[in-house]
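I have placed the structure first, in the form of structure tokens, so that the comments after it can refer back to it.
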Amino acid sequence: MSGRGIAFINARLVDPASGYDGPGCVLARDGLIEAVERQPSFVERVTDARVIDCEGAALSPGLIDLRVRTGEPGTETRETLRSAADAAAAGGVTTIVLQPDTNPAVDEPALVDFLMRRGRDLKSVRVLAAGALTQGLKGQALAEIGLMAEAGAAYFTDADQVIADSRVLRRVMAYAGAFDALIAHRPADPFLTQGASATSGELASRMGLPSAPAIAERMGLERDLALAESTGVRFLVDQITTSEALDVLARARSRGVEVAATVSINHLCFNEVDIGDYRTFMRLNPPLRPERDRLAMVEAVRDGLIDAIVSAHTPVPAEGKRLPFAEAEPGSIGLETLLAGALTLHHEAGIDLLDVLRPLTVGPADLIGLEAGRVSVGAPADLVLFDVDAPIVVDADRLISRSKNTCFDGRRLQGRILMTVAGGQVVWRDGQA
Amino acid sequence: MTQPADVSDTIRARLFPFPRAHLLSAVDLERPDVDALLDLADAFLEFGRQSAKSLDLLRGRTLINLFFENSTRTQGSFEIAGKRLGADVINMAVGASSVAKGETLIDTASTLAAMRPDLLVVRHWGSGAAELLSRKVGCSVINAGDGQHEHPTQALLDLLTLRRAFGADVGSLSVAICGDIQHSRVARSNVALLQAMGCEVRLVAPPTLLPSEVDRWGGQVFTDMIQGISGVDVVMMLRLQRERMSGAYVPSTREYFRFWGLDADKLAHAAPGVKVMHPGPMNRGVEIDSGVADDPAVSLISDQVEAGVALRMAVLASLAERMEAGQ
């Protein structure tokens with residue numbers, strides 16, 4: 001017995017997994033993709049389905065965001081799972097992976113289970129949890145990686161916390177290997193970055209901001225990769241932001257080290273000059289970098305060196321941002337602007353749409369072993385329909401997230417999301433909000 | 001008692017509306033405005049030497065001194081300046097208390113704005129704090145020091161002091177700024193202002209106290225003090241915070257004094273007629289030797305303090321003039 005489906009016709013089907021960008025139609029039913037054809041409409045007439053004429057708009061797999069922070073549990077005033085899921089749906093993001101830096105930290109299986117259950121109960125986008133590497137994210141004692149993996153943790157990370165003690169990080173990596181777990185870690189020398197709110201350089205020193213040199217990232221990455229190589233763990237670099245670190249990554253890969261890397265949408269769209277008027281929405285961790293680093297990140301996406309683009313969604317309430325720059329809490333929300341932000345790489349840098357969407361769909365899906373992230377028969381019916389060119393102006397006050405701290409406030413972007421489908425259900429459509 | 005008409009007439013003749021709503025940064029100042037401000041300050045300085053020192057240019061205006069950091073000199077200087085101009089001056093030492101209670105800077109600003117002050121003088125430990133406040137309150141904001149960013153009235157009063165010591169052609173001077181440049185808002189404001197006037201600016205400090213890419217500030221950078229002050233007309237010393245001199249940035253006070261402290265031997269390498277400045281308070285025997293600091297032939301340090309009140313009167317009066325003009 002099967003339910004009523006949704007048939008998308010006259011779409012521009014953009015599916016990075018198969019490398020196809022052309023006319024297409026897709027039938028979704030019972031939460032899965034039942035049929036895909038590379039022509040405007042189905043050869044045989046589809047019955048018992050609601051037909052949506054896409055009128056040439058792009059239809060691609062729903063986005064998968066590996067790095068989403070909410071306030072649940074502990075600081076629900078920042079963001080709840082509900083508000084995060086709604087924001088994700090409005091942004092065409094159909095899978096979010098929650099970060100473990102909540103209160104309490106997600107460092108044991110019951111919390112992983114709790115969050116994934118709460119996520120399922122929302123009946124919206126797919127909500128997955130990442131587990132902590134160390135107990136309480138303190139960088140000292142191993143967290144229950146095996147039990148959390150059993151409970152369904154998507155991967156493991158201490159989020160913004162850097163494990164300073166190399167012996168601890170080495171043990172974490174070696175131990176995780178027993179479960180074939182994916183380990184993510186922020187590349188940074190924690191002593192150099194302590195107390196810093198900007199990247200060292202002419203701008204930060206003129207502004208009188210405490211800063212850390214960009215080489216702190218390269219130094220951290222070199223250590224992390226040496227440990228990853230010696231332990232053989234599946235390793236994910238949590239947000240690469242500097243060209244020096246990219247070089248280190250490329251050298252490790254050329255030696256055959258299996259290492260993946262993410263970059264945040266903020267580091268693809270903004271540079272350190274954006275903090276020039278002490279705008280605290282631009283205070284990020286890692287901090288914004290010089291333009292040449294931003295360009296290097298954009299080129300890395302073009303060259304396929306980046307496995308996943310993340311929103312690094314970090315809700316910060318007003319009281320955390322209405323402070324002098326160095327005292328303000330770092331972070332920007334990003335779920336609702338992820339796709340339009342990424343499309344600047346297509347519109348401004350001329351990167352092929354498939355190459356922009358790959359690290360937002362099948363790239364992260366493959367890292368955490370999801371069948372989603374592709375438009376193929378039998379895959380979950382997670383889809384986003386969007387107008388590639390339609391102009392939008394981001395208005396922070398009109399975003400769905402509980403916190404309004406977006407780097408993109410006031411920016412003119414291109415890319416309007418018309419409809420988001422998660423698990424075969426329409427979770428968002430244009431004009432709804 | 002009436003004032004001699006000539007000085008207050010001079011003041012009124014030199015009054016001009018300040019070109020901006022706020023004084024946040026020396027970078028924002030252009031040379032004609034600086035000259036006008038210093039001309040006005042000169043008149044106030046003469047006026048301040050009279051026995052009767054009060055004027056009514058700011059009568060009915062409220063000035064709030066909002067100091068998140070303790071500062072006897074700067075706060076006192078603004079207070080005297082405001083009172084001599086006839087303003088109602090209120091000192092608010094915010095300290096750590098309301099901050100510890102979780103009040104954001106913008107909450108504090110909204111509270112103050114509701115009291116409808118005309119002028120808000122603010123000192124805060126956070127770089128950019130004055131700019132943040134200026135966007136949230138309806139009155140004129142004067143930056144009296146924001147973190148490690150800027151202290152524009154200090155740079156202006158230093159320039160006024162130089163102009164009185166060397167004459168109007170300050171642009172031909174070479175000035176060495178020496179000491180903790182990395183953490184100094186005074187250095188940042190002075191570099192901007194002196195360069196705008198055309199001065200040659202040199203920066204002298206141990207490498208640990210130089211900001212990154214300081215070579216792009218447009219001045220020559222020295223880590224050797226004798227080379228750095230060789231032939232200069234002015235040596236501006238900066239204060240070294242105590243917590244920075246016991247191993248964190250420099251090994252010890254005695255090592256610092258040996259290599260970067262200003263004494264008569266090092267000063268002998270400067271140009272004949274060299275003048276020495278210090279924004280105060282001084283660490284005698286650390287960054288400056290008392291013999292130099294107290295030598296009236298070279299030291300302009302007490303002139304700086306006197307110039308401070310006059311310069312701040314000029315800033316307050318011209319901001320008020322802008323308000324009168326309805327801008």
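Protein chains get the first letters and strands the later ones, always in sequence-line order, with residue 1 at the start of each. All of these numbers come straight from a predicted model, not from anything done at the bench.
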If you count every heavy atom of other residues, nucleotides or ligands that lies below 6.0 Å from Q241(B) atom CD, does the total exceed 12? yes
So which heavy atom on L132(B) is nearest to which on P324(A), and how close? CD2-N, 3.8 Å
For each of P210(A), S200(A), G201(A), tally heavy-atom pairs with chain B at distances under 4.5 Å, and name the one with the top tally. G201(A)
As an exercise, state the distance from CG of D146(B) to CE of M207(A), rounded to the nearest 0.5 Å. 9.5 Å
Nearest 0.5 angstrom please: Y278(A) OH to R135(B) CZ, how far? 10.5 Å
Applying side chain to side chain contact (heavy atoms under 4.5 Å, CB included), name anything that partners D189(A), two or more places apart in sequence or on another chain. F191(A), L192(A), A216(A), M219(A)
What pairs with E202(A) under side chain to side chain contact (heavy atoms under 4.5 Å, CB included), at least two apart in sequence or on another chain? R206(A), E213(B), R216(B)
Mind ranking I106(B), V27(B), V214(B), D215(B) by heavy-atom pairs under 4.5 Å with chain A and telling me who comes out on top? I106(B)
Shortest non-hydrogen pair, D277(A) vs E131(B), comes out as O-OE2, 3.5 Å
Does G208(A) offer a backbone N or O that forms a donor-acceptor pair with the side chain of S127(B) under 3.5 Å? yes
Could you report the tightest heavy-atom contact between L323(A) and L105(B), atom names first, then the distance? CD2-N, 4.1 Å
Minimum heavy-atom distance between P211(B) and S205(A), given as atom pair plus value: CB-CB, 3.2 Å
